[in-house]
Amino acid sequence: MHFLEVRNVKKVYTTRFGANQVQALTNVSFGVEKGEYVAIMGESGSGKTTLLNILATLDRPTEGEVLLNGKSILNLPHREIAAFRRDNLGFVFQDFNLLDTFSIQDNILLPLVLANVPFSEMERRLKPLARRLGIEQLLGKYPYEVSGGEQQRTAIARALVTRPQLVLADEPTGALDSRSTDSLLRLFRDINEEGQTILMVTHSTKAACFAKRVLFIKDGEIFHQLYKGSLSEEEMYQKISDTMTMIATGGVVCG
Amino acid sequence: MGRFFYGKLAFDNIRKNSRVYVPYIITSISTVIMYYLMHSMAVNQSLGKMAGAAQVRSMLSFGFAIVGLFSVIFLLYTNSFLIMRRKKEFGLVQVLGMEKKHIARIMIYETAYIAIISVLSGLISGIILSRAMFLLLLKILRFEVKLAFEISSSSIVSVLLLFAGIYLVTLVWNLWQVHLAKPVDLLKGGQVGEREPKAKWLLTLVGLISIGSGYYIALTTESPIAALVFFFVAVMLVMVGTYALFTSGSISFLKLLRKNKRYYYTPNHFTSVSGMIYRMKKNAVGLANICILSTMVLVTISTTVSLYVGIEDVLRTRYPREITISSYGITEAHVVELQRNVSEVLESHEIAPEDTLEYRSLVFLGQEEDGEFLTDIEPSSLFAGNPQSLTLVPGEDYSRMAGEDIALEEAEVLIFSKGGSYKHATLSVLGRTFKVKDRLSRFPVVSHEASITQSHYVIVRDMSVLEELFRAQEQSASEYKSELRHFLGFDLPQDADSATIYRAIRLALSSGEPFSHVESVDAVKDEFYALYGSLFFLGIFLGTLFVMGTVLIIYYKQITEGYEDKGRFEIMQKVGMGLEEVKKSIRSQVVMVFFLPLAAAVIHVAAAFRFISKLLAVFNLTNIALFFWCTLGTALVFALLYALVYAITARVYYRIVTEGQALTQIND
């Protein structure tokens with residue numbers, strides 16, 4: 001049994017009057033093991049964000065099943081969805097999604113506050129995490145007072161503070177400059193090496209080459225996958241590029 | 001095709017933005033109706049020559065001026081809000097290739113549609129309502145006139161002129177905003193971080209001081225005259241204080257809340273407190289506006305209602321008996337003559353007077369200092385201070401009225417004080433010193449002036465003391481002399497024809513010397529009803545107008561915040577906030593924002609209560625219990641209405657915050 005299992009997931013969007021149907025996901029199946037770092041790659045419109053939204057319980061598939069630790073996450077009673085999301089999943093978004101009404105510290109603590117965790121416990125978790133992410137000097141500042149990279153680190157801290165089973169990242173480097181991107185990707189790798197399971201959606205080859213495994217999605221289907229194994233990031237980068245070129249040109253992939 | 005195209009586009013714009021345009025149109029229609037009603041009543045000929053008609057008319061004219069002024073304010077306020085919301089849209093259509101002149105053309109159509117809809121339906125409703133409203137007015141005033149249904153063309157013209165002006169101004173303003181709109185601003189988006197407001201301790205201090213001194217004036221002013229003088233000072237101080245405290249104090253307060261970790265880091269308070277701190281700067285002025293408008297509503301309605309409801313009390317205070325006769329500068333012979341004349345009239349009508357009150361008196365206005373009553377004070381300086389009146393009454397007159405025998409020595413007095421006690425053991429006036437033998441707890445008749453100033457009724461041994469003091473005053477330096485007075489008042493039996501007797505007495509006394517002032521409650525009742533009734537009518541009318549303004553500000557505030565908060569709630573839901581929690585958090589935030597101004601308004605009114613009851617005394621209303629109940633009733637009704645508006649706007653807010661979200665569909 002996989003830690004996270006996606007079985008034959010299909011998603012069809014229907015326009016309001018049912019005139020047009022758009023198939024976002026045709027038939028997606030894959031599994032993720034505990035402690036894995038998986039990147040899902042695909043071009044715009046390939047269905048990767050739809051897939052992530054389904055995993056995040058933000059959207060529901062038309063058909064298929066998603067299991068976390070063997071339990072379906074699709075049939076949760078709607079009152080429990082928010083709590084489930086809060087307790088099991090951590091999110092990192094492309095545009096950070098920090099709240100400018102909160103200081104950096106309060107942004108990080110938000111999920112804990114929602115979970116009614118006592119303040120002493122919040123403090124106990126906050127300090128080492130902030131140190132780990134290098135933002136302990138910024139805790140009193142506001143999101144608009146810090147750089148993009150620092151904002152994304154705050155978002156990561158917010159995702160990790162609940163000690164989630166799975167971190168879902170949606171184009172986490174999309175709004176960052178190259179230097180921040182590098183340091184962020186190394187951070188993801190390190191966190192993963194400490195045991196955190198991460199699933200990332202991206203179209204950036206650079207972001208993907210840090211992952212242990214890369215799934216390629218095209219026209220709503222898993223098209224191919226690559227294991228990093230003992231390859232260096234540079235070698236992985238090359239392999240991913242080749243695959244992407246092949247997908248783009250429609251060439252046949254053997255492997 | 002072009003013309004239809006722009007017209008249709010304008011129509012679609014209004015329909016698409018109906019959430020903000022419908023309240024705007026409703027406001028427009030309501031103000032048109034109110035303005036038309038006030039104006040048509042003020043110019044209506046049917047009021048004719050009723051007693052007090054002139055007063056009523058000037059009151060109504062004042063009313064339509066106020067309605068006009070507030071129409072301008074409300075509509076410009078609402079319009080500026082609408083156009084702010086649409087700035088992005090202007091940017092977008094410019095990016096899409098529309099020129100500013102095209103937008104301007106659409107704006108002209110939009111304004112024209114709204115103006116035509118509002119003015120037309122406002123006028124029609126106004127004309128339909130005017131008859132009912134006029135009947136209501138007449139009922140309140142107790143006027144009995146035949147009412148012809150009339151459509152006032154001058155009122156229609158006035159409405160058209162005023163509102164054409166208002167819409168023209170809004171149009172020019174809007175075109176200017178379109179002119180300023182830059183497509184680049186659109187691309188930047190509205191997500192520019194706003195600096196957290198600093199708690200301004202100095203401003204807090206200023207606020208505290210001005211509210212404090214305003215309250216101090218309200219709570220310590222003793223004399224109604226001083227209350228009249230200081231009323232506007234106190235109002236200004238409290239207004240300044242309200243603005244200052246709402247901008248600074250609330251932020252300081254919220255920051256204190258945030259420092260309390262146990263309070264702050266809980267689901268219900270976390271988002272609401274931080275959201276309010278973030279928004280306080282923008283909203284403080286809005287909240288202060290709501291607070292001040294609410295206070296205005298409460299004060300206007302409670303005072304005018306209690307004056308009207310208490311009109312019989314007022315009449316009894318002002319006219320202690322149905323017929324009253326006051327004479328000044330009397331001698332013994334005059335009194336005898338007057339008594340004879342009055343009894344002749346009464347006998348000829350076969351009427352026995354009831355509850356007769358008769359006394360002679362000498363009244364000084366002045367100031368008391370260490371047991372000495374100073375009478376030679378300039379009136380101007382007198383009214384700035386705390387004027388007191390000293391009414392000397394001979395012992396025999398008091399004995400007759402009170403029905404008890406009192407025996408006083410030459411230099412002894414009894415004293416009855418109203419509006420403050422007399423603390424000294426002796427009383428000196430014009431060089432004579434009296435020993436205060438006793439203090440009375442009540443006095444048979446208290447003149448209406450006594451409700452305005454602090455008064456001491458001093459019972460001396462006999463008339464000779466009054467005459468002596470009268471002569472002593474003649475020799476003093478003061479320009480202002482008091483005269484010996486005589487007062488005669490009595491009620492008439494139920495079936496007596498008050499008006500006839502009043503006229504007969506007036507006729508009988510008209511040739512007398514000195515002049516006697518005859519007053520009859522019945523003769524002035526109509527005028528009182530005209531005055532207090534039109535005040536009442538005006539109070540209700542303006543109260544409604546202010547309520548409308550309050551509701552409007554609240555509604556638009558909530559909507560703006562809803563759009564601002566939409567993104568925030570989306571993020572919070574993504575990190576695990578459930579819809580239930582969204583609702584709770586909104587409630588916590590909205591409740592605080594909503595009821596803060598209401599609570600402040602109630603505190604203002606409570607602090608002003610004593611002060612306003614002094615002012616009402618100037619209008620002869622001394623029934624404080626009545627005023628209390630009217631205030632309480634008004635506050636309760638207003639709070640209910642407020643709660644209703646709260647419920648509606650909270651719903652709209654919730655809908656804005658959650659609409660169009662995938663989450664909602666899944667979670668619900």
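Convention: sequence-line order gives letters A, B, ...; per-chain numbering from 1.
Screening residues 115-140 of chain A for ring pair (Phe, Tyr, Trp, His ring centres under 6.0 Å) gives A:F119-B:Y265 as the qualifying pairs, with residues at least two apart or on separate chains.
Residue A:D106 touches chain B through both its backbone and its side chain, counting heavy-atom pairs closer than 4.5 Å. Interface remark: A:L98 contributes backbone atoms only to the contact with chain B (heavy atom separation under 4.5 Å). Only the side chain of A:F93 comes within contact range of chain B, judged by heavy atoms closer than 4.5 Å.
Note on A:D170 versus A:K48: no salt bridge recorded, every NZ/NE/NH1/NH2 to OD/OE distance being 4.0 Å or above.
Note: A:L99 leads A:D87, A:V117, A:L99, A:L89 in heavy-atom pairs under 4.5 Å with chain B.
Remark: B:K255 is not positioned above the aromatic ring of B:F253, lacking an NZ or CZ atom under 6.0 angstrom from the ring centre and at most 45 degrees off the axis.
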Side chains of residues 157-167 of chain A: which donor-acceptor pairs under 3.5 Å do they make with residues two or more places apart or in other chains?
| residue | atom | partner | partner atom | Å |
| --- | --- | --- | --- | --- |
| A:R158 | NH1 | A:N97 | O | 2.8 |
| A:R158 | NH2 | A:F96 | O | 3.3 |
| A:R158 | NH2 | A:N97 | O | 3.2 |
| A:Q165 | OE1 | A:N69 | ND2 | 2.8 |
| A:Q165 | NE2 | A:N88 | OD1 | 3.1 |

